[in-house]
Amino acid sequence: MSSPFSSAALAPKDPIFGINEQFAADTRDGKVNMSIGMYMDENGKVPLLQCVRAVEKMLAETPKARAYLPIDGLRVYDQNVQKLVFGVDSDAVKAGRVATVQALGGTGAIKVGADLLHKLMPGARVLVSDPTWGNHRGIFTQAGFQVGTYRYYHAARRTLDFDGMLADLRAAPVGSIVILHACCHNPTGYDLNAAQWGQVIEVAKERGLTTFLDMAYQGFADGITEDGAVIGQFIAAGVNVLVSNSFSKNFSLYGERVGALSVVCTDKEEAGRVLSQLKLVVRANYSNPPTHGATIVAQVLADPKLRAQWEGELAAMRQRIKSMRQQLADGLKAAGVKQDMGFITTQVGMFSYSGLSKEQMQRLRQDHAVYGLDSGRLCVAALNPHNIAHVCKSIAAVM
């Protein structure tokens, strides 16, 4: 009998995890992995936050059976996600017009949202920023959408191309779905300022756009409240809004896959209908979410002492990234780089779009054991006092 899989082509490796595999196989001393989006501490390790450690200690002391969670997840988790993402004083949350489901990380949240939107808006056009996180295109394409782009980054100037972005959004078909990065744009590190967000919101309202705000890094730009503020502005303007959020980075819970999708609806009755549809999507994808990570996040967010501890730990991570950005810019200058690399310090979040070419990035890996993406994206959160001199010297050598 012939195999039903004989026509299966060998798929290319994922551009991020493929390079991560190369890094793992590299036997050279002093290798540096700036390819994958994970926060590392000053010793090059993924941290276990003290607030997480405290909750896990409590859970170990009072063990419980692991029954299935509801399809939409742990109720207290969903409630605390809404307070975190939309603010404790959110009128939309108070009115019960936000439908939230626990999801498998930010990726799972986007997948659930994409499936819901394709069910309700199968003919809509989806637009993602150019460039964007690679999985955005993959998820919406697999959901059945045609995916286009809007301009975002001006390579020659190494700046945000806001005029191009605004022009492309104005030209988008009425009713299009637009994927926006709420903060810490991945991969460029360039965010919109308040005035620019205001103009985007105006265009979204004029064109009847459905906006999907991906917020995977809340707290890594300016702070928890500051990074989520733009969401309230979209809601106040009456723009259709979906929000995906993740606790991989800001809780350092990468392997737990803890995230959520929230859909802002017209009223409570509509939210109930939307939640019922979200449950159908979840049920068909993975039935219901896991318990452990969501329990940790829910307990930290609900306990004032643990919440304060988490905010302090998150602030420390944010400040360390900013410090490494400055040290990287200064170190490149000291290493002999003549180009102005000050843009590194104006970018925010975990990533820097370095401006290096594919060839230069390949030379970094091959000749210097410094791993980043071919696009030129570098995870500055992987820098520390032990490796930054080598990274600066290596980048200078390929420029």
Side-chain angles (χ1 to χ4, degrees), residues 8-9 11 71-73 92 97-152 165 167-182 200-201 203-216 231 234-235 237-246 259-289:
I71 295 174
D72 52 341
R97 60 188 189 93
V98 179
T100 298
V101 294
Q102 180 185 334
L104 306 182
T107 302
I110 296 169
K111 170 61 175 169
V112 171
D115 285 353
L116 173 73
L117 288 171
H118 191 260
K119 192 173 186 179
L120 302 177
M121 307 166 61
R125 177 81 165 167
V126 172
L127 297 176
V128 300
S129 64
D130 182 17
T132 193
W133 177 52
N135 228 6
H136 279 154
R137 178 180 289 276
I139 291 170
F140 280 90
T141 299
Q142 289 293 330
F145 285 106
Q146 292 291 319
V147 180
T149 62
Y150 58 86
R151 282 171 284 178
Y152 194 84
M165 176 185 183
D168 289 348
L169 293 182
R170 286 195 177 108
V174 172
S176 293
I177 299 165
V178 179
I179 315 305
L180 299 163
H181 301 236
V200 168
I201 291 170
V203 173
K205 189 170 183 177
E206 291 170 3
R207 304 296 294 169
L209 305 178
T210 293
T211 55
F212 198 134
L213 293 165
D214 183 5
M215 187 164 62
I231 295 170
F234 274 88
I235 296 172
V239 177
N240 299 321
V241 179
L242 296 86
V243 183
S244 60
N245 73 291
S246 168
L261 174 73
S262 298
V263 183
V264 182
C265 303
T266 303
D267 52 37
K268 187 174 182 178
E269 188 272 336
E270 182 179 271
R273 288 187 280 110
V274 168
L275 182 60
S276 73
Q277 291 295 325
L278 288 170
K279 288 180 179 181
L280 288 179
V281 173
V282 170
R283 179 65 170 151
N285 272 294
Y286 52 86
S287 193
N288 45 21

Student check: side-chain heavy atoms of [X] and [Y] closer than 4.5 Å:
X: Phe140; Y: Ile179; answer: yes
X: Thr132; Y: Tyr152; answer: no
X: Thr210; Y: Leu242; answer: yes
X: His118; Y: Ile177; answer: no

Inter- and intrachain pairs under salt bridge (Lys or Arg N to Asp or Glu O under 4.0 Å), touching [range], at least two apart:
range: residues 104-118; result: Lys111-Asp115
range: residues 139-152; result: Arg151-Asp168
range: residues 121-142; result: none

Can you see which heavy atom on [X] is nearest to which on [Y], and at what distance?
X: Ala103; Y: Gly108; result: CB-C, 3.9 Å
X: Gly175; Y: Leu209; result: N-CD2, 4.5 Å
X: Gly73; Y: Gln102; result: CA-OE1, 3.3 Å
X: Ile235; Y: Ala92; result: CG2-CB, 4.3 Å
X: Pro289; Y: Ile71; result: CD-O, 3.5 Å
X: Ala271; Y: Ala99; result: O-CB, 3.7 Å

**Test side-chain hydrogen bond (donor to acceptor under 3.5 Å, both in side chains) applied to Asn240 - qualifying residues, sequence neighbours left out** =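 Asn240: no side-chain hydrogen bond (donor to acceptor under 3.5 Å, both in side chains) contacts found.
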**Request:** Would you please name every residue forming a salt bridge (Lys or Arg N to Asp or Glu O under 4.0 Å) with Arg97, sequence neighbours left out?
**Result:**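 With sequence neighbours excluded, Arg97 shows a salt bridge (Lys or Arg N to Asp or Glu O under 4.0 Å) to no residue whatsoever.
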**Item:** Counterpart residues, salt bridge (Lys or Arg N to Asp or Glu O under 4.0 Å), relative to Arg273 (two or more places apart)
**Value:** Glu269
**Message:** With a 3.5 Å distance limit and no angle check, can you tell me whether Asn135 reaches the backbone of Gly138 through a side-chain donor-acceptor pair?
**Reply:** no
**Message:** Using the rule given for side-chain contact (heavy atoms from CB on, under 4.5 Å), can you reason through Met121 versus Val126, listing the C-alpha separation, both sets of side-chain angles and the distance that settles it, and then say yes or no?
**Reply:** CA-CA 10 Å; Met121 307 166 61; Val126 172; over 6 Å; no
**Message:** The test is side-chain contact (heavy atoms from CB on, under 4.5 Å); show your working for Met215 and Ile231 and say whether it passes.
**Reply:** CA-CA 10 Å; Met215 187 164 62; Ile231 295 170; 3.6 Å; yes
Can you list everything that forms a side chain to side chain contact (heavy atoms under 4.5 Å, CB included) with [X]? Sequence neighbours excluded, please.
X: Leu280; value: Lys119, Gln277
X: Ile201; value: Gln233, Phe234, Ala237, Val239
X: Lys268; value: none
X: Ala260; value: Tyr77, Val81, Thr100, Asn245

**Request:** Using ring pair (Phe, Tyr, Trp, His ring centres under 6.0 Å) as the criterion, list what pairs up with His136, not counting sequence neighbours.
**Result:** Trp133, His181
**Item:** Under the ring pair (Phe, Tyr, Trp, His ring centres under 6.0 Å) test, residues paired with Tyr150 that sit two or more places apart
**Value:**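 Partners of Tyr150 by the ring pair (Phe, Tyr, Trp, His ring centres under 6.0 Å) criterion come out as none, since no residue qualifies.
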